[in-house]
Amino acid sequence: MFDTERAKRDVGMNDIKVAARNVQVYYGDNHAIKDVDVDIEDKTVTAFIGPSGCGKSTFLRCLNRMNDTIDVARIEGEIRLDGEDIYDAKVDPVQLRAKVGMVFQKPNPFPKSIYDNVAYGPRIHGLAKTKADLDVIVEKSLRRGAIWDEVKDRLSEPGTGLSGGQQQRLCIARAVATEPEVLLMDEPCSALDPIATSQVEDLIDELRTNYSVVIVTHSMQQAARVSQKTAFFHLGNLVEFGETGQIFTNPQDPRTESYISGRIG
Amino acid sequence: MTDMTASGASAPVRKHATSLLAQDARTKRRNAAETRFKIYGLIAVGIGLTFLAVLLSSIVYNGVRGFQQTFVTLEVELLAAKLDKKGERNIDDIKKVSTFGYAPLIDTAMQNAVAKIGYDSPFEKAKEYRPLLSASVPAQVRNYVIANPDMIGETVEFRVLAASRVDGYLKGRVTRDSIARDKNIDAAHLDITDALHDEGVLKKTFNWDFVTGADASESRAEQAGIGVSMIGSFFMMLVVLGLSLPIGVAASIYLEEFAPQNRFTDLIEVNISNLAAVPSIVFGILGLAMFIQFAHLPQSAPLVGGLVLTLMTLPTIIISTRASLKAVPPSIRDAALGVGASKMQTVFHHVLPLAAPGILTGTIIGLAQALGETAPLLLIGMVGFIASNYPEGLVDGFVSPNSAMPAQIFEWAKRADPAYYERAWAGIIILLLFLVTMNAIAIILRRRFERRW
């Protein structure tokens with residue numbers, strides 16, 4: 001039913017990159033995430049699946065403190081990146097987000113040129129001293145985003161003029177340009193057609209060699225195709241977390257089984 | 001059970017006529033209602049357009065005459081015996097001769113002009129020609145003499161203003177019936193006017209002095225211009241733009257992007273919206289109390305006018321700026337925050353540029369509103385008749401007493417002489433030109449800088 005070949009092939013033990021313990025998220029009175037413990041490994045694609053409103057995106061946004069921008073959101077528990085608590089009072093979310101990049105559901109390039117889209121992050125973080133350095137970073141990032149060949153002749157054209165799939169790969173290139181260690185992807189393919197989706201999925205698999213990738217997806221096929229680890233969320237709880245092959249072939253929890261077989265969702 | 005199923009859940013009964021080619025009664029009624037609504041809409045738009053057409057045509061019809069003025073070409077002999085009795089061409093002595101000393105020369109010149117065209121005048125004395133010319137003429141000639149003392153003793157050709165009654169006669173405002181009881185002018189003067197007009201000595205031409213000139217006294221309608229109050233308006237707009245744009249934009253950015261959502265910011269938000277609806281005269285009396293009586297800023301100064309109008313414009317700018325900041329999609333903010341931009345970088349690098357067209361449009365609309373505002377200016381003393389002197393330099397432009405275009409128009413409209421009435425209309429045309437220009441700029445900016453995302 002699910003193509004988990006790649007997942008089976010690639011499973012291996014890696015270092016723990018992000019460790020979440022006992023995480024609770026409240027939106028005002030609404031308890032959106034309950035008691036989530038999860039270990040995200042380095043150089044691994046971890047998929048978060050679950051029905052709409054189950055809290056998977058919310059949890060993802062905790063990992064780079066994007067929830068800070070929501071006034072009513074309150075987070076408890078502990079999330080450690082390489083052993084450091086990212087919710088420590090001393091942590092500046094801006095520095096954290098340079099280490100934990102993010103790609104969003106809807107492709108959201110800046111209404112600027114393709115070059116400036118990619119160069120913006122390195123510029124504000126001072127990663128390039130000269131224009132030549134910056135050119136190198138932009139080219140490298142666009143190559144990693146698997147979009148270099150398509151845009152190399154029109155770097156000065158607006159990023160918003162690209163097709164949806166190209167825009168999303170541009171956003172991925174923009175996210176990797178700041179040399180993050182973890183890449184969060186919030187339903188990166190939900191606005192894309194199947195061809196663009198398969199391009200982005202191939203790209204995610206490549207990114208795994210350098211980054212720890214966390215992907216939220218509605219498509220269980222996608223989770224099965226690209227991830228090595230899968231976490232199933234339901235009503236704010238982390239129901240089951242394990243190797244992708246095992247989750248899809250031999251789920252331990254009846255709720256997981258119902259969901260992947262299409263009975264709830 | 002089987003009966004229930006048969007009667008209750010059977011195939012739905014078809015009530016409607018089955019043919020699609022025939023309209024049923026309900027469809028007909030709905031279509032008729034739609035047609036009626038469209039007709040109401042067309043009538044409403046038609047009424048609106050009619051009013052607009054009537055308004056514009058009456059403004060143009062009444063206002064165009066205000067831009068024309070009757071001038072007389074007059075050869076004045078600058079008699080040395082009268083203007084410089086000592087003959088030393090000493091400028092101080094020349095200045096001692098007041099406009100009363102010039103009046104007889106001009107009367108004589110007018111008499112000669114009438115004689116020159118061979119008109120058989122009923123007047124014996126030169127003084128009797130005086131009602132034909134503006135009372136401003138002696139001052140005009142005197143200023144010329146003081147500037148050119150060497151010309152004393154020569155005969156110089158002047159282009160001088162005709163009296164406003166004469167001007168009105170040529171424009172049809174003054175008729176022979178209407179002057180029956182007028183002490184200023186009589187029918188014989190109008191006969192002379194006709195004769196001079198036929199000969200081309202007296203001509204109705206476009207009057208630049210109306211656009212550039214200063215206000216004049218009530219009795220010299222022909223001399224009044226809107227130029228000085230235009231300068232007053234200009235300096236006020238500088239103050240309004242210089243203060244309300246930075247303050248308004250900074251306040252909106254803070255409120256929209258940085259301020260926490262709590263009771264206090266809600267209160268501020270509600271009050272800003274309320275301030276936009278406060279009558280402008282309230283701002284006027286506030287300005288009188290705060291800026292003039294308390295802070296002792298100069299009365300009638302465009303600086304104070306600008307401050308008052310800034311208070312009035314701020315809510316407009318804040319509301320439109322916040323609306324355009326809100327209209328920037330959150331995905332752009334997410335994108336910037338996601339690559340590690342700080343909140344301020346997000347706002348200034350991404351959100352503000354996208355909101356700029358909206359902010360500029362709101363600012364220009366706010367300025368246009370302020371430009372047309374009259375009531376608060378009257379309260380701080382920027383009444384029309386103040387606009388009689390050009391400011392001397394930049395600083396003086398802000399602090400010396402002046403008026404503004406709408407206050408000037410109001411002043412003219414309330415004066416008794418009907419000659420001022422047409423000037424009020426002409427002033428309205430100039431004001432509207434400014435407003436149309438500003439709105440056009442707003443539209444162009446919006447079109448040019450509007451970006452898609």
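What you are looking at is a predicted structure, and each value in this text was computed from that prediction instead of being measured. Reckoned from all heavy atoms, side chains included, excluding hydrogens, waters and symmetry mates. Proteins get letters first, then strands, A, B, ... in listed order; numbering begins at 1 in each.
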Heavy-atom pairs under 4.5 Å with chain A are the metric here; pick the option from B:A335, B:A336, B:G338 that has the most.
B:A335
Proximity breakdown for A:R123 and chain B, heavy-atom pairs closer than 4.5 Å:
neither
Name the member of A:M102, A:H125, A:Q95 that forms the most heavy-atom pairs with chain B at distances under 4.5 Å.
A:H125
Greatest number of heavy atom pairs closer than 4.5 Å to chain B - which of A:V94, A:V103, A:L184:
A:V94
Hey, what do you get for CG (B:N439) to CD1 (B:I364), rounding to the nearest 0.5 Å?
8.5 Å
Verify the ring-centre separation between A:Y120 and B:H350: is it less than 6.0 angstrom?
yes
Heavy atoms from other residues, nucleotides or ligands near NZ of A:K106 exceed 12 (cutoff 6.0 Å)
no
Between A:Y211 and the options A:K43, A:R144, A:E181, the side-chain hydrogen bond (donor to acceptor under 3.5 Å, both in side chains) test singles out A:R144
